[in-house]
Amino acid sequence: MKEKLLHTPEGVRDIYNSECKRKSAVEKRIHHILELYGYQDIETPTFEFFDIFNSDTGTVSSVEMFKFFDRNNNTLVLRPDMTPSIARSVAKYYSACEFPLRLSYRGNTFLNNRSYQVSLPRRQRWEQSLLMMIVRKQMQRESS
């Protein structure tokens, strides 16, 4: 049992030493470039309400999500994709902003799926992305 606690669950792994240093350096370079182009940082929670990732808004089927429940019996999921979380945040915090809106985000995403790698399933992925939201003036007027 003690030896099992030294290992990570299937599909996830530790990143350490030189690999961690290289990853950090790449993140910093990308972040610097995005800042030069006017992108602003945004961070969203690692888990969200299930409804944020439902079939209408999400890109992943419910079966592939890691789900759990809070004290109030709400279904929560580890984010399988970052875009729906960013869209939720934009709707909540940036509705009065001028568009286009340039956002930069990074973080881990989680899938309960074996099909992404043939020999070794990968359930945790690191993602760094950018998003430029362009909304037509008509849509801005309708929300006012």
Side-chain angles (χ1 to χ4, degrees), residues 1-136 139-140 142-143:
M1 178 66 174
K2 285 185 179 182
E3 189 171 312
K4 185 177 181 179
L5 294 177
L6 294 177
H7 297 285
T8 60
E10 181 182 342
V12 297
R13 66 188 186 90
D14 298 317
I15 299 173
Y16 57 96
N17 292 342
S18 63
E19 181 182 7
C20 189
K21 191 172 186 173
R22 285 191 311 270
K23 179 184 172 212
S24 181
V26 168
E27 283 179 13
K28 286 176 185 173
R29 276 190 237 133
I30 291 170
H31 186 258
H32 177 70
I33 292 168
L34 292 174
E35 279 184 324
L36 292 175
Y37 284 92
Y39 284 81
Q40 299 173 25
D41 292 334
I42 185 170
E43 289 183 21
T44 59
T46 302
F47 60 90
E48 297 251 14
F49 289 112
F50 171 75
D51 294 342
I52 296 296
F53 301 101
N54 70 21
S55 60
D56 296 335
T57 57
T59 58
V60 176
S61 83
S62 172
V63 175
E64 296 175 314
M65 295 181 198
F66 285 101
K67 297 183 262 313
F68 55 100
F69 301 96
D70 67 9
R71 289 182 203 157
N72 300 320
N73 214 26
N74 294 307
T75 305
L76 306 173
V77 296
L78 291 176
R79 62 176 172 225
D81 176 14
M82 294 188 71
T83 305
S85 295
I86 300 301
R88 176 197 51 76
S89 293
V90 168
K92 183 174 181 179
Y93 301 112
Y94 293 94
S95 61
C97 289
E98 284 290 319
F99 289 87
L101 181 63
R102 294 181 170 142
L103 299 173
S104 166
Y105 50 94
R106 59 190 169 275
N108 290 319
T109 57
F110 304 88
L111 289 175
N112 191 10
N113 183 323
R114 292 176 170 258
S115 67
Y116 286 96
Q117 286 186 350
V118 177
S119 62
L120 179 65
R122 194 172 76 178
R123 294 182 174 168
Q124 178 179 344
R125 296 177 298 145
W126 179 81
E127 188 176 311
Q128 182 159 0
S129 301
L130 57 98
L131 175 71
M132 185 188 308
M133 296 196 95
I134 301 172
V135 178
R136 294 180 179 197
M139 291 177 74
Q140 286 181 326
E142 289 174 6
S143 67

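Computed from a predicted structure; not experimentally measured.
- Side-chain atoms of Ser24 never come within 3.5 Å of backbone atoms of Cys20 as a donor-acceptor pair (strictly under, hydrogens ignored).
- Between atom CD of residue Gln40 and atom CG of residue Leu103 there is a gap of 6.5 Å, rounded to the nearest 0.5 Å.
- Contact detail for Ser85 and Glu48: the closest heavy-atom pair is OG-OE2, 3.0 Å.
- How far CZ of Arg79 is from CZ of Phe110: 7.0 Å, rounded to the nearest 0.5 Å.
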Handout entry: salt bridge (Lys or Arg N to Asp or Glu O under 4.0 Å) between Lys23 and Glu27, worked out
Key = CA-CA 6 Å; Lys23 179 184 172 212; Glu27 283 179 13; 3.7 Å; yes
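- Note: Leu111 CG to Leu78 CG = 10.5 Å, rounded to the nearest 0.5 Å.
- Residue Glu19 qualifies as enclosed at atom CD: its count of foreign heavy atoms under 6.0 Å is above 12.
- Atom NE2 of His7 has more than 12 neighbouring heavy atoms from other residues, nucleotides or ligands inside a 6.0 Å radius.
- A 4.5 Å side-chain heavy-atom check between Phe49 and Asn74 finds at least one atom pair inside the cut-off.
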task: Would you sort out whether Lys67 and Ser62 count as a side chain to side chain contact (heavy atoms under 4.5 Å, CB included), showing the intermediate values?
output: CA-CA 9 Å; Lys67 297 183 262 313; Ser62 172; 3.4 Å; yes
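- Side-chain contact check for Arg106 versus Asp41: some heavy-atom pair is nearer than 4.5 Å.
- Side chain of Asp70 to backbone of Asn72: a donor-acceptor contact under 3.5 angstrom is found.
- Closest non-hydrogen pair, Thr44 versus Ser89, comes out as CG2-OG, 3.4 Å.
- Taking CG from Asp81 and CD1 from Ile86, the interatomic distance works out to 9.5 Å, rounded to the nearest 0.5 Å.
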Checklist entry - Step by step, would you call Met65 with Phe53 a side chain to side chain contact (heavy atoms under 4.5 Å, CB included)? => result CA-CA 9 Å; Met65 295 181 198; Phe53 301 101; 3.6 Å; yes
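- Looking at Val77 and Phe47, their side chains never come closer than 4.5 Å, going by heavy atoms from C-beta outward.
- Note that CG of Asp14 and OG1 of Thr8 are 5.5 Å apart. Values are rounded to the nearest 0.5 Å.
- Taken to the nearest 0.5 Å, the CZ atom of Arg88 stands 13.0 Å off from the OG1 atom of Thr83.
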